[in-house]
Number of protein chains: 2
Amino acid sequence: MFCEPLDELIKSLSQLPGIGPKSAQRLAFYLLKEPNKPKGFSLADTLEKSLSSIQLCEKCRLYSDKALCRICQNSKRYSHQLCIVETPQDVFAIENTNSYRGRYFVLHGRLSPLDGIGPNDLGIDLLKKALSNPELNEVILATNATVEGQATAHYLSSLLRPGLACSQIAQGIPLGGELEYLDGGTLSLALQCRTHVTTTQPELETTT
Amino acid sequence: MFCEPLDELIKSLSQLPGIGPKSAQRLAFYLLKEPNKPKGFSLADTLEKSLSSIQLCEKCRLYSDKALCRICQNSKRYSHQLCIVETPQDVFAIENTNSYRGRYFVLHGRLSPLDGIGPNDLGIDLLKKALSNPELNEVILATNATVEGQATAHYLSSLLRPGLACSQIAQGIPLGGELEYLDGGTLSLALQCRTHVTTTQPELETTT
């Protein structure tokens, strides 16, 4: 294009997810705006600083700028529940529902032998430590409903000490889902995993 | 969210054009991937290096890593034509058409008194120097077809030495445009600026 550093900048930006060559160009020109490029340098600075200070929580592997993350530091969170998820984004999604008050453990991936990802890449040693906590009495497996996610859940369940309750988040039709438009796999799973409904017989008026 | 540096990173990314809070989150998690965050640090590095080395060409104010940009260095480009544009992106757009072989001058903006942008912000001193080049015999005003763009073109035309040919890129219906769907302003302008067509009378066969 105009010069090599600009080409490199555009190339680097276009490698970000969801950003194509055209958007990368637009971003590069935005960052170069004004003689001193304040926008560009401030982004570079924030990137450098943030990336240096963000680390993994020593206990649950969530992102944190301290040794322990906000959730592990919070004494109001229940220590008897541990929810195991694949990514920090999953923690974010669950936290947004406001329906879970326990602790987390983040695998940062899933078992995937084809990609060479084994138990050691998922921080299993740290997980074993978390599982040995005597306060713990329930483990919730919240890996994705993909083949690898389910295989990971299966592997994780083999790590638990006997007597520890273990559950997996429910699979079935999503809220607002219409059977007509649902894929066959989900529908057949929803049928298989049907839950019992207690019927209450309406009290009939008796005529005297 | 999880910690302050991550919040700052997401905030910083979401200020980029076309990137909302959700995309910024996705980008941040992408940059944080893997223990040593190679993707994030390499982007920060490229940003820092590229922004430091990109400067404005001393002659035409296009982006360059040298004192003179690629176009100004190129002796094959015609020195008798100078095309004045608002942004480097405009140069890119014109270059992509492969229909112009002259030189450029980039204003990096347009006259906009409301935003406090006057002639001094557009590098007019440098433009005057370019205009005083004796080889030059045509100036093409290629500012945008907006009110400010047209006002800028009007101002620029007042800077030219007498006798210097000055043209403005044509306004009218775009290629493939259908009159039915065209806005009234463009259509009335296209009518006003209609160009003369030389008719060639078909030679009639004469019956003898």
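Only a predicted model underlies this, so the values are computations on that prediction, with no experimental measurement involved. Numbered from 1 within each chain, the chains take letters A, B, ... in sequence-line order.
In this structure, the portions of B:Ile54 lying under 4.5 Å from any heavy atom of chain A include both its backbone and its side chain. Both the backbone and the side chain of B:Leu31 come within contact range of chain A, judged by heavy atoms closer than 4.5 Å. For chain B, the nearby part of A:Leu62 is the side chain; its heavy atoms alone come within less than 4.5 Å. A:Ser23 does not touch chain B: none of its heavy atoms, backbone or side chain, sits under 4.5 Å away.
Within a 6.0 Å radius of CZ in A:Arg161, more than 12 heavy atoms belonging to other residues, nucleotides or ligands are found. Annotation: B:His154, atom NE2; neighbour count of heavy atoms from other residues, nucleotides and ligands within 6.0 Å does not exceed 12.
Chosen from A:Ser12, A:Ser53, A:Pro17, A:Cys57, the residue pairing most often with chain B at heavy-atom distances under 4.5 Å is A:Pro17. Per-residue heavy-atom pair counts under 4.5 Å with chain A were compared for B:Leu27, B:Leu13, B:Leu56, B:Leu51, and the maximum is reached by B:Leu51. Most heavy-atom pairs under 4.5 Å with chain B, from the set A:Asp121, A:Asp65, A:Ile71: that is A:Asp65. Contacts with chain B were tallied for A:Ala28, A:Gly18, A:Pro5; A:Pro5 has the most, counting heavy-atom pairs under 4.5 Å. If you tally non-hydrogen atom pairs under 4.5 Å between each of B:Gln55, B:Glu4, B:Gln89, B:Arg26 and chain A, the highest count goes to B:Gln89.
For the atom pair SG of A:Cys3 and CZ of B:Arg70, the computed distance is 7.0 Å after rounding to the nearest 0.5 Å. Annotation: the span from B:Leu32 atom CG to A:Tyr63 atom OH amounts to 4.5 Å, rounded to 0.5 Å.
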* Decide side chain to side chain contact (heavy atoms under 4.5 Å, CB included) for A:Thr87 and B:Phe29; before the verdict, give the C-alpha distance in whole Å, the side-chain angles of both, and the deciding distance to 0.1 Å. => CA-CA 9 Å; A:Thr87 64; B:Phe29 284 124; over 6 Å; no
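Across all non-hydrogen atoms, the minimal contact from B:Tyr30 to A:Gln15 is OH-O, 3.4 Å.
A:Ser50 has its side chain out of reach of B:Leu6: every pair of non-hydrogen atoms, C-beta onward, lies at least 4.5 Å apart.
Residues of residues 37-49 of chain A lying within less than 4.5 angstrom of chain B, judged on heavy atoms, are A:Lys37, A:Gly40, A:Phe41, A:Leu43, A:Ala44, A:Thr46, A:Leu47, A:Glu48 in numerical order.
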